[in-house]
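Beneath this line is the structure, given in structure tokens, with notes to follow.
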Amino acid sequence: MERVKQLLLHARTQLAARAAVAAAASWVLAQQLPDPLRQYPYYAPLGAILGSRPTIAQSLRGSMQNVAGLTLGSLVAVGAGLLGGRGPWSVAAVVAIAVLLGGLHFLGEGSSYVPISAVFVLVAAQDRETYAASYAALVLLGALVAVMVNLVAPELPLSRADRSLAQLRDAVATHLDRYADRLADGDRPPTARDGLPRLDPLRAQATEVVHEAHESQRGNVRARRNRGAVEVRTERLNVLRRCVVLVEDLDGLSSDRPWGEGIADVPDELRSPMSGALRQLAGNVRGLGQEVEDRARARDVDDAVQRLSDALNDRHDHYGPVEVVAATVLTSLRRTVAVIAAQEGDDRSSDGHHTQGEPSDP
């Protein structure tokens with residue numbers, strides 16, 4: 001039953017349900033319209049499909065762009081029909097002009113419908129003017145219905161954002177722990193061959209979902225009931241992205257050895273505090289987004305980074321390439337700690353509005 005519930009509440013299932021409702025409603029409405037609109041009711045569900053998107057903003061933008069593309073293509077066909085017939089030269093000219101016009105920036109995703117509607121109206125319609133007007137009006141009707149359905153049952157993908165952030169969080173913490181272990185053991189730094197999760201696709205996925213959550217707030221009644229929820233997740237994403245940069249810095253120092261020395265060459269008196277700082281940071285990262293976040297973890301990370309700084313300062317008399325490597329890691333750690341501190345403050349100010357996700361968006 002739980003799997004069935006998850007399937008029914010899945011974002012794609014909800015989108016399919018909204019599209020189906022919009023298509024059915026627009027079909028019924030189109031059949032109530034006077035002639036000649038009533039002769040082409042099937043274009044209303046087409047508009048509903050084109051206007052069905054995960055968020056209200058996407059639905060409105062997609063509807064406008066698609067209707068604009070269809071209308072522009074229809075106008076090209078009507079103009080060509082007035083000048084000629086349906087011969088090959090007319091079709092070629094219409095397609096060429098429509099494809100050129102499809103490059104207009106404001107059309108967006110509607111650009112592909114300019115040549116499609118142009119050819120369709122040119123070769124399939126008897127009364128091109130009436131057909132083109134009915135075509136555009138009914139597609140617009142269906143698209144508006146889709147927007148209305150989205151307004152009534154909007155999506156706010158908080159749970160999807162939480163899942164993507166959790167995957168990125170766990171992967172980042174795994175990388176940091178592995179570096180801490182290798183430094184503590186005096187072993188070589190981890191590499192891609194060690195089976196560590198890839199961070200780039202997880203970072204891209206989390207960024208995309210959080211961006212979608214931001215966009216879904218526009219005109220969304222549910223977003224007003226969850227004020228601050230998207231901002232909290234954005235701050236967590238910023239922390240995780242900064243941590244990914246830290247891991248990339250560690251990878252680069254290990255593989256590129258820009259000063260002729262790498263992390264593996266750092267002496268024991270720097271290895272231990274560096275390992276401790278990375279381990280404390282990994283623990284802090286694992287606490288992001290949990291039901292109860294341990295505020296003391298941030299202080300532990302600060303203390304661990306300070307111990308690395310003190311150990312580096314103790315070596316100021318013989319500053320060389322390995323000290324530069326350690327200083328680079330220290331700088332990256334401090335930048336990461338600064339982002340964590342900002343996120344901790346934002347979380348405290350948003351505690352009254354924080355939600356962990358909603359059952360309607362598994």
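The figures that follow rest on heavy atoms only: side chains count, while hydrogens, waters and symmetry mates do not. Predicted model, so just to flag it, every value in this text is computed and none were measured.
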Quiz item: Can you name the residues that form a side chain to side chain contact (heavy atoms under 4.5 Å, CB included) with A184, not counting sequence neighbours?
Solution: S275, R279
Self-check item: For D177, salt bridge (Lys or Arg N to Asp or Glu O under 4.0 Å) partners two or more places apart
Solution: R286
Quiz prompt | Partners passing side chain to side chain contact (heavy atoms under 4.5 Å, CB included) against L312 (at least two apart in sequence or in another chain) | solution = L270, Y319, E323, A326, A327, L330
Quiz prompt | Partner residues of L107 under the side chain to side chain contact (heavy atoms under 4.5 Å, CB included) criterion, sequence neighbours left out | solution = A68, L72, L104, S111, V114
Quiz prompt | salt bridge (Lys or Arg N to Asp or Glu O under 4.0 Å): pairs with one or both residues in residues 269-278, sequence neighbours excluded | solution = E269-R315
Self-check item: Side-chain donor or acceptor of N313 paired with backbone N/O of S309 under 3.5 Å
Solution: yes
Exercise. Applying salt bridge (Lys or Arg N to Asp or Glu O under 4.0 Å), name anything that partners D303, two or more places apart in sequence or on another chain.
Key: none
Quiz prompt | With sequence neighbours excluded, residues passing side chain to side chain contact (heavy atoms under 4.5 Å, CB included) with D249 | solution = R242, V245, S332
Exercise. Applying salt bridge (Lys or Arg N to Asp or Glu O under 4.0 Å), name anything that partners E261, two or more places apart in sequence or on another chain.
Key: none
Quiz prompt | Sequence neighbours excluded - side chain to side chain donor-acceptor pair (under 3.5 Å) pairs with any residue from residues 62-73 | solution = N66-E109
Self-check item: Qualifying salt bridge (Lys or Arg N to Asp or Glu O under 4.0 Å) pairs with a residue from residues 36-47, counting only residues at least two apart or across chains
Solution: D35-R38
Which pairs would a plain distance check flag for residues 195-207, meaning a side-chain donor or acceptor within less than 3.5 Å of a matching protein atom at least two apart in sequence or in another chain?
residue	atom	partner	partner atom	Å
D200	OD1	R203	NH2	2.6
R203	NH1	E248	OE2	3.4
R203	NH2	E248	OE2	2.9
T207	OG1	R203	O	2.8

Quiz item: What residue among L246, I263, T174, V329 forms side-chain contact (heavy atoms from CB on, under 4.5 Å) with Y179?
Solution: I263
Quiz item: Considering residues at least two apart in sequence or located in another chain, which fulfil the side chain to side chain donor-acceptor pair (under 3.5 Å) criterion with D256?
Solution: none
